[in-house]
2 protein chains.
Amino acid sequence: MNSKVKDMLTAPGLALTPSEARIVQVLLSDYPMSGLGTATTLARRAGVSDPTVGRLVIKLGFDGYPAFQARLLAEVEARLHSPLLMMEAKRPAGDGDGAAQAYLASVGHSLDATRQAVPEQAYGQAVRLLLETKGQVYLVGGRFSRGIAAMLAGYLQQFRPGVVDLGILSADRFDALVDIGRRDLLVVFDYRRYQSDVVAFARQAADRGARILLFTDVWLSPVAEFAEVTLSARIEVDSPYDTLAPAVAQMEAVIAHAVAETDFAARDRIERIEQIRAAQKVTLDDEPGRNAPPRRGPDGVSRRPKLTPNPEGTS
Amino acid sequence: MNSKVKDMLTAPGLALTPSEARIVQVLLSDYPMSGLGTATTLARRAGVSDPTVGRLVIKLGFDGYPAFQARLLAEVEARLHSPLLMMEAKRPAGDGDGAAQAYLASVGHSLDATRQAVPEQAYGQAVRLLLETKGQVYLVGGRFSRGIAAMLAGYLQQFRPGVVDLGILSADRFDALVDIGRRDLLVVFDYRRYQSDVVAFARQAADRGARILLFTDVWLSPVAEFAEVTLSARIEVDSPYDTLAPAVAQMEAVIAHAVAETDFAARDRIERIEQIRAAQKVTLDDEPGRNAPPRRGPDGVSRRPKLTPNPEGTS
DNA sequence: CGACATATGTAGAGAGGTTTTCAGATTTAG
DNA sequence: CTAAATCTGAAAACCTCTCTACATATGTCG
């Protein structure tokens, strides 16, 4: 049921009438384009009548020609999104592009640089710290980067208990230091224009024996001196400001590594959280009335191919 | 006349009405798949009526929607027959890279897709909204994306007064609606797993006459229906979660566009803020007293000299 | 050779898609 | 603020496509 149309057409157990065989041959001769027009067009090319085409696709198990075509279209989309194809479509970047697009291209370069700058091993160490810490996991960040800390906190809460996002570091937040000890982990996000309060906080936490995981730029925050693991990102771009996108990607990469590496003992925890959230209807999964009312054929099959929804999303 | 549809859609001399711009955006955001269904489907996704779609393709020089679609199909065929794609059959899919690095590469693809999905013009519109709004600028975001909202708020505060980051949308935050009116702008970050409270908030703000700038993914949050400008990013990656890195980059690209485009009337404001911050010693600069504003070339484009520290950084 | 079964085409009904028409809404110019 | 121009969507007309019903052809077996 899930195989590609091409496989269905060449399946051995298929009993084809002479006319149907001609249609299949046309279909395969320039696959899948010839199936993307109307049924009548295809019939004419095969030298048969359109009802014959309809009968064939029904014999193949589809509910009708539109359903068949939708499947074909979905396959085209899958191929169109292949990484190789994306490379081909990649434009030279920067030619006629405006400032915004040039900026995005520039971010792409920083992202590449980031990928090459940090060995895979470092991600593994970060994951180990995050998941195997027995005590609490505290997170701090600078004025801009604290948003990333919050995102990471959001993910971590799905994986383990004891996650504390310290948010903005106001003076009274330093009180939290009394609770931080040898069994705890402090995750610090500190990118250039290193904030003195963040550095001070991290130093004091380190003095109290806490382990430190640092996300910073390639010039390394002062925190790197006493951090156990440091992940650096390339953040400079063609702009008076720096970009945080590679930093975000790097944080997410840690999560991706965790997901790939662990056998996902945390899965049941995620599912529990999902259930709670569903009960509270915090997210609306299917936009009512927007993409819908899906046009349906008489068979009840949606006419347009679904556009590959992800099992889990962020917002 | 022989240019690709994508180029026609992004051609500079093209005068697009607001509704038409939304269609173009949808087309580009999932190119070329979204143009392969029916005109009605496309219209629905863009939140416009089908005649508007027809008018657009005629304005582009086609004889009608079927003609437009035929051209699109021809392009698909061309790409499908590309030599690169032929090699794909034997693609092992799993590189020698580890999970984290593969993830970063995947983010790179989404970033490229994002760059190509949104015309430069849209960034200009976003900048205009952000800078020329007379009233207040409010910002909201979802559970994860609110970090991006906070980052944007950080930038905006350097450019203009009246920036209000609404933070987490708790029930009492809805009280803020009474202050939102016709002269104000609401910036919404809403990525898939669209949050019902965010959507509801935006809808009510729109009802009160506020203009709306939306950052979302290519499947478009329901907010897109009544947003004045929508910027969509590609956020899906090879991971059970989505990535927000392209979303961050896109937000920053808006800032980059603003910096490049405007004559930077906001410069004095930035300098004032710099002075205040220096006085409070919030950041520890590696080089004290090196607070110069961004250097700019004769063309008015800001130019960052290599290897000099940024005049303004993110942390 | 004749009767039946299967295969195929023709024609038309019905559904869905596109385009035209027109009126309301919005923006722009004066 | 008013008037003109433009933009937009609702509705309907028109067209195209699909699929059903029926008729015809082709082959098969007694």
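Please read all numbers here as calculations on a predicted model, not as lab measurements. Within every chain, numbering begins at 1; the chains are lettered A, B, ... in the order of the sequence lines, protein sequences first and strands thereafter.
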Checklist entry - Below 4.0 angstrom, N of the basic side chain to O of the carboxylate: do B:Lys59 and B:Glu20 qualify? => result yes
Next on the checklist: Regarding B:Arg234 and B:Asp217, does a basic nitrogen lie under 4.0 Å from an acidic carboxylate oxygen?
Outcome noted: no
Checklist entry - Looking at A:Thr40, does any N or O in its side chain come under 4.0 Å of the phosphate oxygens OP1/OP2 on D:dT18? => result yes
What integer distance in Å separates [X]:[atom1] from [N]:[atom2]?
{"X": "B:Phe62", "N": "C:dT19", "atom1": "CZ", "atom2": "P", "result": "13 Å"}
{"X": "B:Tyr65", "N": "C:dT19", "atom1": "OH", "atom2": "C1'", "result": "14 Å"}
{"X": "A:Gln69", "N": "D:dC17", "atom1": "CD", "atom2": "P", "result": "11 Å"}
{"X": "B:Asp63", "N": "C:dT20", "atom1": "CG", "atom2": "P", "result": "11 Å"}
{"X": "B:Leu56", "N": "D:dT6", "atom1": "CG", "atom2": "C1'", "result": "16 Å"}
{"X": "B:Leu42", "N": "C:dT19", "atom1": "CG", "atom2": "P", "result": "13 Å"}

Checklist entry - What orientation do B:His257 and B:Tyr123 show, parallel under 30°, tilted 30 to 60°, or perpendicular over 60°? => result parallel
Under 3.5 Å between N/O atoms: give me all the protein pairs with nucleotides 6-12 of chain C, atom names plus distance.
unit_1 : atom_1 : unit_2  : atom_2 : d
C:dT8  : OP1    : A:Ser19 : N      : 2.8
C:dT8  : OP1    : A:Ser19 : OG     : 2.7
C:dT8  : OP2    : A:Thr17 : OG1    : 2.3
C:dT8  : O5'    : A:Ser19 : OG     : 3.0
C:dG9  : OP2    : A:Ser49 : N      : 3.1
C:dG9  : OP2    : A:Ser49 : OG     : 3.2
C:dG9  : OP2    : A:Thr52 : OG1    : 3.1
C:dG9  : N7     : A:Arg55 : NH2    : 3.1

Checklist outcome for this item: Correct closest heavy-atom pair for B:Val187 and B:Val137 would be CG2-CG1, 3.9 Å
Item to check | Side-chain donor-acceptor contact under 3.5 Å, A:Tyr241 with B:Gln158 | outcome: yes
Next on the checklist: Within the 4.0 Å heavy-atom criterion, would you say B:Gly64 contacts the bases, only the backbone, or no part of the nucleic acid?
Outcome noted: sugar-phosphate
Checklist entry - Any salt bridge (Lys or Arg N to Asp or Glu O under 4.0 Å) pairs touching residues 164-182 of chain B, not counting sequence neighbours? => result B:Arg146-B:Asp165
